[in-house]
Amino acid sequence: MLDTDVIIIGCGIAGATTALKLAQNPKRHITVITGESDPSESNTRYAQGGIVSRGLDDSPELLARDILEAGAGASNPEAVELLAREGAAAVQEILVEMAGVQFDTTSTGEYEYGKEGAHSRRRILHVGDGTGLSIITGLVAAIKQYPNINILTNTTAVDLITFPHHSRNPLETYQPVESHGAYAFASKEKTIHRYMSAATVLATGGLGRIYRNTTNPPGARGDGLAMAHRAGARIVNAEYIQFHPTSLALPGVEGFLISEAVRGEGAVLLTPDGKPFMEAYSPRWKDLAPRDIVSRAIHHQMETNGYSYVLLDIATHLPAKTIVDRFPNIYQKCLSLGIDITRDPIPVVPAAHYFCGGVLVDEWGRTNIQNLYAVGEISCTGVHGANRLASTSLLEGLVWGNRAAKHIESVLQQMTTLDLPGFKEVPQWDETGLVAEADAALIQGDMQTIQNIMWHYVGIERNSERLSRAIRELRHLWNEIETFYRTTRLSDGLIGLRNAVEVALIIAQAALHNRQSRGCHYRVDSEVADGDRLI
Ligand SMILES: Cc1cc2nc3c(=O)[nH]c(=O)nc-3n(C[C@H](O)[C@H](O)[C@H](O)COP(=O)(O)OP(=O)(O)OC[C@H]3O[C@@H](n4cnc5c(N)ncnc54)[C@H](O)[C@@H]3O)c2cc1C
């Protein structure tokens, strides 16, 4: 059993920021765990477009207005206002000064602000089209400097330790639910440990991998959301899954994102025979409409005309050198697959990209469970409402990571001693009698079934029949997987499968329950919340 002041589960922008800020007090002992072998592997690493800051002719009010408009009436105005007010200063203090991130500048040394869909101003800081990699590399290097931060890789959290659930004392039943840390699986040693902590921070990111087509890396399977759900945390807005309109559509390529910044810099969507179509769906924004509108427009074009992709043309709209300078990674990736984007249009399809819902938190990242915080994509602060505005999620992870650290520090300062539950009070993980090793074929097969169900029945266009069918099939799978889990020795894949089916059910049920189309939740069979946004 390992004791720590704070355990942070996840090392993307949100978890790393929380750790970095907490470590400023040398008395704090912080443990950061990640299931990956490389601490920088996360959704953060793959962010291309950039992070919102404050442009030259910009203001917090203008940013707040854009976020609220994209959020389709479901964003929490207080959370939006907080992000718009604190964001730019947090970028400067934490990313530029503490993590040493060097955002792109103009020839005169000013920041070069980019533009993306539904932003009324140029305000996005970027490092070419590899912004996330630069951010996470800087943050991980920064936290490694602190002796009071212990980073544990290959360590997958299995479940939160909560009282009364994991307490041996029956009288805990009458107390409010409290978090005291987590059980985690060391995947190299294949052992399970108890990590006891005064505060626990969930920073496990998103869940795109439960869909067949996604831009997310393999670790994004909703682990934190499932753990929080089992512990009794309040989960909201789970029906709002954002589909990115443009992921690369080539055989054998897994969900490579073509950043929204490409449309921001002038690229236009075309049918495979070369006709622009976005004006018909959004006369005001055209190709720079919010993501939900563009994704549905592409989906609609593909479904009604039988296309297997549409095209994105940047070559006609920017000089070749600018394309290569601004989008070096996209250029290289496409070139390696035989497409020269300075000359040819890019074949694209929509893909599951971002989870707008999550564990409900307040302005300090607090959940409804005592001592349990959630930050970043796993949380729902209310900023994104029914649809996230481009490049705001990195900023949300940064701002709420910073705020959660401040709150935890203030709570810990009020404690004279760290009064953690001891060995006797929390049972060890018990695998006695379990000999069967997890069968990789079963894990892969079940995961693919979940991904197909989610893509076809809980995807871009939903209706009651599809959603009910998804729920019936997912319930059956849930039972099978739970039995598999209870009778088999743990593995990282099994932990992920159990969580994937749990979060798939949460999403399908929320989508069935909400009969109103709004933002990225689109019900073809239902009443319209915001008619002018629908196609
Ligand atoms: C291709 C792509 C491009 C994007 N582009 C942008 C962009 O330009 N701008 C923008 O603002 N946003 C962008 N986003 C979204 C943004 O990257 C994410 O929302 C954000 O990085 C999430 O940060 P996070 O810290 O919450 O989670 P992540 O960065 O995903 O980190 C999650 C961490 O949790 C760990 N973890 C998960 N489960 C467990 C477990 N059971 N036990 C232990 N550790 C666990 C992971 O290993 C990882 O360390 C993009 C996303 C993708 C996929």
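On a predicted model such as this, the values are computed, not experimentally measured, just so you know. Numbering of ligands and ligand atoms starts at 1, following listing order.
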Sub-4.0 Å heavy-atom contact, Ala220 with ligand 1: no
Location of contacts on Ile378 toward ligand 1, heavy atoms closer than 4.0 Å: neither
Pairing residues for Thr367 by the side chain to side chain contact (heavy atoms under 4.5 Å, CB included) criterion, not counting sequence neighbours: Val359, Val361, Ile369, Leu372, Ala374
Ser391 near ligand 1 by a heavy-atom separation under 4.0 Å: yes
Atoms in ligand 1 with a heavy atom of Ala157 nearer than 4.0 Å: 40 (C), 41 (N), 42 (N), 43 (C)
Any Ile9 heavy atom less than 4.0 Å to ligand 1: yes
Sub-4.0 Å heavy-atom approach of Thr131 to ligand 1: no
Atom 49 (O) of ligand 1: the protein heavy-atom neighbour that sits closest, reported with distance to 0.1 Å: Cys11 N, 2.9 Å
Contacts of type side chain to side chain contact (heavy atoms under 4.5 Å, CB included), residue Glu260, not counting sequence neighbours: Glu116, His244, Arg263, Arg291, Ala390
His126 ring center near Tyr113 ring center (under 6.0 Å): no
Min side-chain heavy-atom separation His384-Tyr240 under 4.5 Å: no
Which residue and heavy atom of the protein sit nearest atom 6 (C) of ligand 1, plus the separation: Ala47 CB, 3.4 Å
Test item: Thr381 and Leu82 side chains (from C-beta on) under 4.5 Å apart, heavy atoms: no
Salt-bridge criterion met for Asp3 and Arg194 (N-O under 4.0 Å): no
Heavy-atom nearest neighbour in the protein, as seen from atom 46 (C) of ligand 1, with distance rounded to 0.1 Å: Thr34 OG1, 4.0 Å
N or O pair under 3.5 Å between Asn216 and ligand 1: no
Any Gly35 heavy atom less than 4.0 Å to ligand 1: yes
Beyond-backbone contact of Asn43 with Thr215, side-chain heavy atoms, under 4.5 angstrom: no
4.0 Å heavy-atom contact, Arg388 with ligand 1: yes
Ion pair Arg54/Asp58, N-O distance below 4.0 Å: no
Atoms in ligand 1 flagged as close to Thr155, the criterion being non-hydrogen separation under 4.0 Å: 42 (N), 43 (C)
More than 12 heavy atoms from other groups under 6.0 Å of CD on Glu254: no
N/O separation below 3.5 Å, Glu116 to ligand 1: no
Given Lys190, Arg498, Arg221, the one that forms salt bridge (charged side-chain N to carboxylate O under 4.0 Å, His left out) with Asp492: Arg221
Atom CZ of Arg234: over 12 foreign heavy atoms under 6.0 Å: no
Proximity winner for atom 28 (P) of ligand 1, if only heavy atoms of Asp38, Asp159, Asn43, Ile13 are counted: Asn43
Close approach, His353 and ligand 1, non-hydrogen under 4.0 angstrom: yes
Per-residue contact class, Glu41 against ligand 1 - non-hydrogen pairs under 4.0 Å: backbone
Nearest protein heavy atom with distance in Å, relative to atom 1 (C) of ligand 1: Tyr46 O, 3.5 Å
Heavy atom of the protein closest to atom 25 (O) of ligand 1 (residue, atom name, distance): Ala14 N, 3.0 Å
Ligand-side contact atoms (ligand 1) for residue partner Gly376, heavy atom cut-off under 4.0 Å: 26 (O)
Donor on one side chain, acceptor on other, Gln242 and Asn387, under 3.5 Å: yes
Validation row: Asp38, Thr153 side chains within 4.5 angstrom (heavy atoms): no
Contact (N/O only, under 3.5 Å) between Gly15 and ligand 1: no
Protein contact to atom 22 (C) of ligand 1 [nearest heavy atom, distance to 0.1 Å]: Glu377 OE1, 3.7 Å
Salt bridge present between Glu502 and Arg230 (N-O < 4.0 angstrom): yes
Passing candidate, ring-ring contact (aromatic ring centres under 6.0 Å, His included) with Phe243, options Tyr211, Tyr354, Phe355: Tyr211
Arg45 side chain to Ser40 side chain, donor-acceptor N/O pair below 3.5 angstrom: yes
Geometric N/O contact Pro39 with ligand 1, under 3.5 angstrom: no
Protein residue, atom and distance nearest to atom 21 (O) of ligand 1, heavy-atom basis: Thr44 OG1, 2.8 Å
Atoms of ligand 1 close to Glu36 [distance to a heavy atom under 4.0 angstrom, numbered from 1]: 47 (O)
Contact check, side chains of Leu248 and Leu337, non-hydrogen atoms, under 4.5 Å: yes
Heavy-atom nearest neighbour of atom 9 (N) of ligand 1 within options Ser393, Gly50, Gly208: Gly50
Protein heavy atom at shortest distance from atom 27 (O) of ligand 1: Gly205 CA, 3.2 Å
Glu97 atom CD, over 12 foreign heavy atoms within 6.0 Å: yes
Mode of Leu257 contact toward ligand 1 - side chain, backbone, both, neither (heavy atoms, under 4.0 Å): side chain
Contact partition for Gln48 relative to ligand 1, non-hydrogen atoms under 4.0 Å: backbone
Contact check: Tyr354 vs ligand 1, nitrogen or oxygen atoms, below 3.5 angstrom: no
Side-chain donor-acceptor pair present, Ser179, Thr200, cut-off under 3.5 Å: yes
Ala203 contact mode with ligand 1 (heavy-atom cut-off under 4.0 Å): backbone
Atoms of ligand 1, numbered as shown, that sit under 4.0 Å from any heavy atom of Gly10: 33 (C), 34 (O), 35 (C), 49 (O)
Polar contact flag for Gly49 and ligand 1 (N/O pairs, less than 3.5 Å): yes
